[in-house]
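No experiment lies behind these values; they were computed from the predicted model shown.
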Amino acid sequence: MTTKPTAKRFRIRKSSGPRADEASAQPTAAEAPTEPSSAMPHPPGTGEDGGYTVRELRMARRKAQRMGLSVSSDLEAVDALREKGIDPFNKGTGLQLVDGATDDPQTPAPFSSDTLDLEGPAKQAAPVPASTPKPRKSPPAPKPMELPAGPALATAPEVAEIQKDIVRRRKRALRSLVIRLAAFVFVPTLMAFLYFAYVATPMYSTRSEFLIQQPEAAGGTGLGGLLSGTGFANSQDSIAVQSYLLSREAMLRLDAEHDFRAHFSDPDIDAIQRLAPDASNEDMYGLYKRLVTIGYDPTEGIIRMDVVAASPEASVTYAKALIAYAEEQVDQLTQRIRSDQMQGARESYVDAEQKMRDAQQRVLELQEQRGVLSAEAEVTSLMNQISTFEVELKQERLALQSLLDNAQPNAAKVAAAEANISRLTALIAEMRSEMTEGTGGSASLARITGELVIAEADLQTRQLMLGQALQQLETARIEANRQVRYLLQGVRPTATDEPSYPRVFENTLLAFLTFAGIYLMLSLTVSILREQVSN
């Protein structure tokens, strides 16, 4: 049973001639059958344009085109659709079989809402004729054709089978996905959890912090002064110490002094973490790098060290030993610089001191050879003597002049005065010649004075150079002391009473993420390769 749709809009079209007679011959709405009619409401090819409206003809033409029928006019489309047993004016389904058609041409076509759409308000607006005119005769309608089952009816079982197959494939794919996830993700994660929770040997961690410092230079300027109080000033030394503690040399020294290999070869340790007794140094070094973690913070200049062992006592012992190795390494880093600086300054001082002694010995030899203690003193003494004799010479000359001024001078006194003047003049000349010319094969006082002055000047120069060398030696000593590095422990190694490893939850979660990531990468790779091969 088909319920007629309520019409929101209706059209009342006045028509004359056969169309009006045909409309009057239709039963009223009250007499319309409840079953949808498949009979043709209009006979083909009657009246003006066959008695059809323009809208009905256009509807028939569109339906014929949708059905793939080749027609040249609207009336031909109506006839072609009726030959196929299709109602050309039915607005419902595209295929409407003419099941209620009769062979009696006098039987009027049943009323259909597609012919006159009057529902609701349209019933009041449509005029009902007072008397029903005699219906017009129409040619016999074509017999209804029995169409074969449509594609939808023929393929319904196949569609159902396809849907069931799709469901089966989805279930199979989901089951396969669950199996793969269980095999590659869940089971390995469960095994990792069981290992960390029940099998892994508890490990104890000892944390310590230390930093490398140096004495601050007084009055430091420039970039060195700006960085002197920060961790960047000793970054190279800190990085060098970190590299040494993580080196094979430190590992071998720790093994030789504290038996690192024997501790981790204990049978009480689980097989994964245990070191084989005959393991190579490379295997032991891999375990050493995994158990000894050293990090350097350049902003603060702090070196943080974490040492893991199977017992808290062993962990503390290893941490203290590594810190002692770091202190020795710090001393060795600055020992070369300090020794080079001090050695150069010390050699310069020794050389200056030796040359000063040689100059002093030269002065002493000259004094001994020339018999002159001081050239200046000798020259001063000689000049004083010459000055004294010159004064006496002047006095004698005055006395002689006074004797000669007499009318009758005393000859004896005059002769004595002249003799004194001659002696004084000769003595002064001799003394002056002694200053510039040697007497009796000896060197002159001028030469002796020059040699002594040169030797004494050289001695003074050597003394100044010795003073500078001594100052350089003192400066080098201060600089060498400033180059000294010392290790300051901020956090000392302390034994813990609870194990730090394994961390069951964190390690299990990490294992799950690792296995899931590996599975995802493999599945994506396989899917891409499969798609490339299929294309």
Side-chain angles (χ1 to χ4, degrees), residues 210-241 243-244 298 300-301 303 324-380 445-489:
F210 56 90
L211 67 159
I212 299 173
Q213 291 186 348
Q214 66 177 3
E216 296 183 2
T221 58
L223 184 60
L226 293 175
L227 299 178
S228 61
T230 62
F232 294 100
N234 304 317
S235 60
Q236 295 181 351
D237 299 332
S238 301
I239 294 173
V241 170
S243 301
Y244 173 76
E300 300 177 358
I303 300 176
Y325 300 162
E327 290 179 346
E328 295 180 4
Q329 186 68 16
V330 169
D331 294 337
Q332 293 178 3
L333 289 174
T334 58
Q335 183 65 32
R336 179 71 178 273
I337 300 176
R338 288 181 294 167
S339 61
D340 290 346
Q341 290 179 347
M342 291 298 298
Q343 182 178 0
R346 189 177 294 106
E347 289 177 356
S348 298
Y349 175 76
V350 171
D351 183 65
E353 186 179 12
Q354 183 63 35
K355 289 182 179 180
M356 188 272 296
R357 289 179 179 179
D358 294 341
Q360 191 173 12
Q361 185 66 27
R362 176 64 178 167
V363 172
L364 180 60
E365 290 177 356
L366 286 174
Q367 290 175 348
E368 292 176 350
Q369 290 177 1
R370 304 303 183 184
V372 178
L373 182 62
S374 175
E376 295 180 358
E378 291 291 333
V379 171
T380 301
L445 185 61
R447 175 178 291 276
I448 295 173
T449 302
E451 291 178 353
L452 288 176
V453 169
I454 293 174
E456 289 176 353
D458 186 33
L459 177 61
Q460 291 179 358
T461 302
R462 296 303 175 184
Q463 288 177 348
L464 291 176
M465 292 179 66
L466 179 62
Q468 292 178 357
L470 180 61
Q471 185 177 1
Q472 290 179 359
L473 180 62
E474 185 66 18
T475 304
R477 184 184 64 81
I478 295 173
E479 184 66 20
N481 292 334
R482 195 180 69 83
Q483 293 294 334
V484 174
R485 304 289 193 274
Y486 58 92
L487 190 143
L488 178 62
Q489 297 187 31

Set of side chain to side chain contact (heavy atoms under 4.5 Å, CB included) partners for R362, sequence neighbours left out: E365, L366, A455
Criterion side-chain contact (heavy atoms from CB on, under 4.5 Å) on Q463 and L459, from CA distance to verdict: CA-CA 6 Å; Q463 288 177 348; L459 177 61; 3.8 Å; yes
For the student: nearest non-hydrogen atoms of A469 and S348, plus distance: CB-O, 3.7 Å
Separation between CD1 of I212 and CD1 of I303, rounded to the nearest 0.5 Å: 4.5 Å
For the student: nearest non-hydrogen atoms of E456 and V363, plus distance: N-CG2, 3.6 Å
Exercise: identify the closest heavy-atom pair between G301 and L211: O-CB, 3.3 Å
From CD (E347) to CG (D351), nearest 0.5 Å: 9.0 Å
Interatomic distance, S243 atom OG to Q329 atom CD [nearest 0.5 angstrom]: 9.5 Å
Shortest non-hydrogen contact from Q489 toward F210: CA-CB, 3.9 Å
Residues that R346 engages under side-chain hydrogen bond (donor to acceptor under 3.5 Å, both in side chains), provided they are two or more places apart: none
Among Q361, Q354, Q360, E353, side chain to side chain donor-acceptor pair (under 3.5 Å) partner for R357: E353
Derivation of the side-chain contact (heavy atoms from CB on, under 4.5 Å) call for Y349 and L466: CA-CA 6 Å; Y349 175 76; L466 179 62; 3.4 Å; yes
Taking every non-hydrogen atom, the tightest pair across M356 and R462: CA-CB, 3.2 Å
